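Quantities reported herein were computed from a predicted structural model and do not represent experimental measurements. Just the heavy atoms: all of them, side chains too, but no hydrogens, waters or symmetry mates, feed the values below.
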Amino acid sequence: MLFRYTLEEVAKHNTIDDLWIIHNNRVYDVSDFVLDHPGGDEIILSWAGKDVSKIMSDVISHDHSETAYRALAELYIDLDLKEKFLDLNKPLIYQMFNCNFKKEFYLNQIHKPRHLPRSATLFGNPLLEIFTQTPWYLIPIVWCPQIFYHLYLASEILGISIALPIMRIGYMIFPENISHALIAGATFGYICYDLTHYHLHHARPFNSHLREMKTYHMNHHYKNYDLGILSSIQTDYKKVENKQLELIPKAIEKIDKISQIIYQTIQQLKFDSPKEIDNLLLLSRTLENYASQASEEHKEIQKIVSKYEKAIDRKWKQDITIASNPEAFVSKETVLQRTIALHFIRHGKFRLGDTFIEETGLDLPSSLQMQFLQMYQILDAINNLNLEPALLWAKSQRDELERRGSSLEFQLHRLHFIKYLLEQRRDEALMYAKTNFEYFQARHMKEIRRLMGALIYINRLSTSPYADFLSNDAWTDIQQTFTRDFCNLLGMACDSPLYISVTVGATALPTIIKMATIMKEKKNEWSQQNELPVEIPLTDDMRYHSIFACPVSKEQSTEENPPMMMPCGHVICKESLTKLSSKGNGRFKCPYCPIESMVNQAVRVHF
């Protein structure tokens, strides 16, 4: 934890053999992971002893997958490498024979990469473990004699050959001399593959090509382990991205030079009329030269883009247009443009948002951008362990926050108090509590008592009943809580509507494509407007409105036709309830169980 180490102490660990980093106020020892870093050891070495929170969250400069964060968590200082799946500190064979994992859980876990700074223990017996680890030089020692043997020998192979069945197949298909050559070549190829694989995992590549191979291969293990061929598509995309980044500065430089030359020519034409034609010819030749260079560079990037397009076409042959509605945004261009502009502003892309608003002619209040600028300034301060701006904002919005049931202000004061505890500043912590906790005692007395009790253990908090205060998750949680409450006061959801729409659409796309394909084959059409004939599974955080569909009438509930719960516990809509009761003399039987009831016994259900 950062409070146990100063920034100066962390900064001292900045070599490849002793490398610490800070992420979200936690300290990690990544010394054993440097060579396995998918982005290459140069990137992680450039951040040695520094805070990597921002660079890891920046998807543009250096994107990180969920696997990356899981691998990082295992490198947290003093963390035991014990997994819910398998304890990596114990022999794995014994654990596998005595486990009772479900098939789905097992298959899910074995495909999640985990990083260990050493070889995993399989048997636990030192003698047996010798046979589970192979030095790299043992591979050529064992297999090179076989290669030389087949290259030299022109007759039958020895019966002791390890790969005898495969070699016999070769003899059945090809003439004997060709078989020997093919076997020698295949074995040599295997050795090259195995040694290259070892080098990519355990050595520092000595040239740019091997560094690129290492990055690609480590992405296969840690980032794209579950995507198969997608990793090659992402590599092609990375080439396009890198080429664009390479050409952008060159293009800007050329544009600046062209602007300068045109300006100089204009000035010369003003004062030097006899040479007017010469100046114009020189300008024309210069512009043609720059245009030719730009054309060549355009061909280079177009070649890479074309390769990327072909890779996508080979992977996705499904026509996704059958799942689209071309009429969806007819006469709604302004709504779509406004949603995109708000997305840029909500994510702090203010310059991009200004350009988009200017080009589309949207009319958005400038105060909205200033409010989100304030939000990001406060979040940046929290990320640097400075809670004062957030406390000032929460205090100014106290009435509205309390009306919404938010405890943000108290949570900020609580975190500030804990910061004093972890820095062992007892007097300042006590004074801070006296000054700020009195207002919150009616709602948070239980938590205030815990905080005050922690003062007794201030010198040994890690072994006290208050050890949970050491968790740095509180800093991440407070940023999320602040963002949610800030957006709520602006009348907005915490997440961007554009992000939610794209996420839900991407989730639903496979189901909709399958449904559309089936209906097309059967020549059917779905006639119900604004509804899908299949349910789209969404995560809980994507469900915003509770909708009840009556199991009897199959209709959605409304204010006029609300859901009603019968004494048996089953729920149907009011209209269905009335129809069932009208068939008898007031009493009716539940459609789903034999219990009878009356209409006046049903109660309305509110979701």
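- Looking at Leu489 and Trp393, their side chains come closer than 4.5 Å, going by heavy atoms from C-beta outward.
- Counting only distance, with no hydrogens or angles, the side chain of Gln95 and the backbone of Pro91 share a donor-acceptor pair below 3.5 Å.
- Checked against side chain to side chain contact (heavy atoms under 4.5 Å, CB included), Asp194 has the following partners two or more places apart in sequence or in another chain: Ile139, Tyr190.
- Put simply, the side chain of Leu490 reaches to within 4.5 Å of the side chain of Phe372, judged on heavy atoms.
- For the atom pair CG (Leu415) and CZ (Phe469), the distance works out to 11.0 Å, reported to the nearest 0.5 Å.
- Taking the six-membered ring for Trp and thresholds of 30 and 60 degrees, Phe344 and Phe356 have ring planes more than 60 degrees apart, a perpendicular arrangement.
- Looking at Arg346 and Tyr499, their side chains never come closer than 4.5 Å, going by heavy atoms from C-beta outward.
- Ion pairing between Glu296 and Lys299 holds under the 4.0 Å rule for side-chain N and carboxylate O.
- The distance from the OH atom of Tyr28 to the CD1 atom of Ile21 is 8.0 Å, given to the nearest 0.5 Å.
- Between Asp468 and Arg450, the closest side-chain pair of non-hydrogen atoms falls below 4.5 Å.
- Side-chain contact between Gln480 and Asp477: present, with at least one pair of heavy atoms (C-beta onward) separated by less than 4.5 Å.
- Between His444 and Phe437, the ring centre distance reaches or exceeds 6.0 Å.
- Considering only heavy atoms from C-beta on, Leu387 stays 4.5 Å or farther from Lys419 through its side chain.
- Scored by the side chain to side chain contact (heavy atoms under 4.5 Å, CB included) test, Gln377 finds Leu373 as partners (sequence neighbours excluded).
- With respect to the salt-bridge test (charged N to carboxylate O, under 4.0 angstrom), the residues Lys243 and Glu246 qualify.
- When atom types are taken as modelled, the side chain of Thr15 and the backbone of Asp18 share a donor-acceptor pair closer than 3.5 angstrom.
- Considering OG1 of Thr483 and CD1 of Ile382, their distance stands at 7.5 Å, rounded to 0.5 Å.
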Please report the C-alpha distance between Leu498 and Leu342 in whole Å, then the side-chain angles of each, then the deciding distance to 0.1 Å, and finally whether the side chain to side chain contact (heavy atoms under 4.5 Å, CB included) criterion is met. CA-CA 9 Å; Leu498 182 63; Leu342 288 174; over 6 Å; no
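- Under the 30°/60° scheme for interplanar angles, the aromatic rings of His413 and Phe440 are found to be tilted.
- In this structure, CZ in Phe482 is found 3.5 Å from CD1 in Ile378, a value given to the nearest 0.5 Å.
- For the pair Tyr466 and Ile456, the minimum side-chain heavy-atom distance is 4.5 Å or more.
- Side-chain contact between Lys307 and Ile304 is absent, with no heavy-atom pair separated by less than 4.5 Å.
- Side-chain atoms of Thr481 do not come within 3.5 Å of backbone N or O of Ile478 as any donor-acceptor pair.
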